[in-house]
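These notes are about the structure you will find just below.
Below, all heavy atoms of this structure are taken into account, side chains as well, without hydrogens, waters or symmetry copies.
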Amino acid sequence: MNNKKNPNIHCTVEQCAHHMCSENYCTLDQVCIDTHEADPSVKECVDCASFEKRNCCK
């Protein structure tokens, strides 16, 4: 796993395997943003499709 923060991707989802534990950033080079709605109209309609559940806290 990459532990270097990507300063372009701010993230507060500590349960994600790509979240940098020491700061609120993602460690991926890029993320995929997706939707679960046919016609998204608010931010709650979109998701980070790059999310992977963290197995344990480090």
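- For the atom pair NE2 of H36 and CD of E44, the computed distance is 9.0 Å after rounding to the nearest 0.5 Å.
- F51 and V46 are assigned to two separate hydrophobic clusters, defined by single-linkage of ILVMFWY side chains at heavy-atom distances under 4.5 Å.
- The CD atom of E52 lies 7.0 Å from the SG atom of C16; values are rounded to the nearest 0.5 Å.
- Of the candidates H19, H18, K5, K5 is the only one forming a side-chain contact (heavy atoms from CB on, under 4.5 Å) with Y25.
- In this structure, the separation between CD1 on I9 and CG on D29 is 8.0 Å, given to the nearest 0.5 Å.
- Judged by distance alone, with hydrogens and angles left aside, the side-chain atoms of N6 form a donor-acceptor pair with the main-chain N or O of L28 at under 3.5 Å.
- Atom CD of E14 sits in a sparse spot, with 12 or fewer heavy atoms from other residues, nucleotides or ligands closer than 6.0 Å.
- The line from SG of C45 to CG of D39 is 8.5 Å long, rounded to the nearest 0.5 Å.
- In this structure the side chain of V13 never reaches within 4.5 angstrom of the side chain of C48, judged on heavy atoms.
- S50 contributes atom OG, which lies 6.5 Å from atom CD1 of I33 (distance to the nearest 0.5 angstrom).
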